[in-house]
Protein chains: 2
Amino acid sequence: MEPFTPRQNAVLECALQLLVAGGERALTTAGLARAANCSKESLYKWFGDRDGLLAAMITYQASKVRTPGPREAIPTLDDFARSLVVFAEDLIGVLSGEVSLALNRLAIGQADRDGARLGALLREHGRLPIEQRARALLELGRRHGYVHFTDTREAYETLYGLVVHDGHVRMLLGEPPTGLAEERSRRARLAIAQFFRLYGHGAQDIE
Amino acid sequence: MEPFTPRQNAVLECALQLLVAGGERALTTAGLARAANCSKESLYKWFGDRDGLLAAMITYQASKVRTPGPREAIPTLDDFARSLVVFAEDLIGVLSGEVSLALNRLAIGQADRDGARLGALLREHGRLPIEQRARALLELGRRHGYVHFTDTREAYETLYGLVVHDGHVRMLLGEPPTGLAEERSRRARLAIAQFFRLYGHGAQDIE
DNA sequence: GCGGAACCGTACCGTACGGTACATAAGCTT
DNA sequence: AAGCTTATGTACCGTACGGTACGGTTCCGC
């Protein structure tokens, strides 16, 4: 059950391109109709209004990204650590992708309207799947005794903070990607090493 | 040397109110003129154009916040840890302030124009002073042997990540403040405890 | 082959906003 | 008191955009 027809997907893809290239101001209904060779009337028929179009762009983009489910095979400690590094690298990669940045900018710029509907969509379709994948991974590690924590959410958020720092906001603000995106692998490995220092085997809960 | 006259400050204060209340769309030149009892012509005379007004709002807001310089007195380890906790609490408080959120949303929403001029302003006047205060504090602690690191920037960014996680982006996206802003003190203390676990006395550099 | 649905392209409308011009008033200097 | 500066308030202009209407075309089912 695809929520959109192929034609609509093509239009949404085009809309994402426009958004990435020129920001929100470049994404006008007339401009999209011209770029996608469709009529404005079709846009309104398919997506309701402009806000519906923006929401559709988010869900469409989310539908493109598949988060690999964790294979439940029993990993060695080394497998587990490597999986965490891969997750960290993926996370950095996703957050620094230009489509992701453009959509986050869009949702943040509209956070004052409709009770932040776009922001909620982005959290639900973008961040939540990532978080759940990571939490499943963390709990797998805990079951094998590789890491120790009581609050999975807290452990996940610590992991997130160690990996991303404030690199995401800096990129959203338009900082040239001299920081996070480069040296991605190094950052990922360092963050995981720090995470093991905090939650690794033998570590006690703080407090 | 005040960059703006008192009258202009009052107008900028009013502009910030409008921005906080209704987001960027609520901040129109006509609306500001009406709310601040001034004329549009004065706005353009003072700030050049709308972008100049936005930039002025950022520098004005930054001028209101004074970052306390670190007192150079020799602290005990406990003083030092307490200072870090205070810093963490302050950081959370600043980031979750509604004016800060509104300005960050504004700058992020405009990150595609003018080479992200507003974003650069926000980094320079908002984040940089905070970072420098924290780095001075960290190096003070290092001089007294309370913490151990080689790269101050890296230590600072780790501290930032431990304190903020992705709470900033979530708030920017409009998430109700059920997360970071509350339990601020607990979060700050936990983050500092984790920071000491990573960089505290006796810890070795990772890698 | 025929009718209808879907769609394209374009033209159109209303409005909201950035920016400018101007006429008028309030304060300051001489 | 005259003149200059500064500011207010309003009216105005151009434009850009969201949304709608409509004629023409393609395509599919019957």
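We name chains A, B, ... by the order of the sequence lines, and we start the count at 1 in each one.
The phosphate of dC7(C) has neither OP1 nor OP2 within less than 4.0 Å of any side-chain N or O from S39(A). In this model, the phosphate group of dC8(C) is approached by a side-chain N or O of S42(A) to a distance below 4.0 Å at OP1 or OP2. When the side-chain nitrogen and oxygen atoms of W46(B) are compared with OP1 and OP2 of dT6(D), none of them lie within a distance under 4.0 Å. For the OP1/OP2 pair of dC17(D) and a distance below 4.0 Å, the side-chain nitrogens and oxygens of T28(A) include no atom meeting the criterion.
Spacing between atom CD of Q8(B) and atom C1' of dT6(D) amounts to 12 Å, rounded to whole angstrom units. The nearest whole Å value for the distance from the CZ atom in R25(A) to the P atom in dC17(C) is 12 Å. Atoms CG (L32(B)) and C1' (dC17(C)) sit 14 Å apart, rounded to a whole Å. In this structure, R7(B) atom CZ and dG27(C) atom P are separated by 13 Å, rounded to whole Å. L53(A) has its CG atom 14 Å from the C1' atom of dC17(D), to the nearest Å.
Nearest heavy-atom pair across L101(B) and S96(B) is CD1-O, 3.9 Å. A155(A) and F195(A) make their closest contact through O-CE1, 3.5 Å (heavy atoms, listed as atom of the first residue, atom of the second, distance).
Of the candidates dC8(C), dG19(D), dG19(C), the closest approach to any side-chain atom of C38(A) belongs to dC8(C). For N37(A), whose side chain is taken as the heavy atoms from C-beta onward, the closest listed nucleotide among dC7(C), dG9(C), dG18(D) is dG9(C). Checked against dG19(C), dC7(C), dT8(D), the side chain of K45(A) finds its nearest nucleotide in dC7(C). Across dC17(D), dA11(C), dT8(D), the shortest atom-to-atom separation from the side chain of K40(A) is found for dA11(C).
A donor-acceptor pair shorter than 3.5 Å can be found between the side chains of Q194(B) and Y199(A).
Partner of R127(A) under the side-chain contact (heavy atoms from CB on, under 4.5 Å) criterion, chosen from N104(A), L122(A), V94(A): N104(A).
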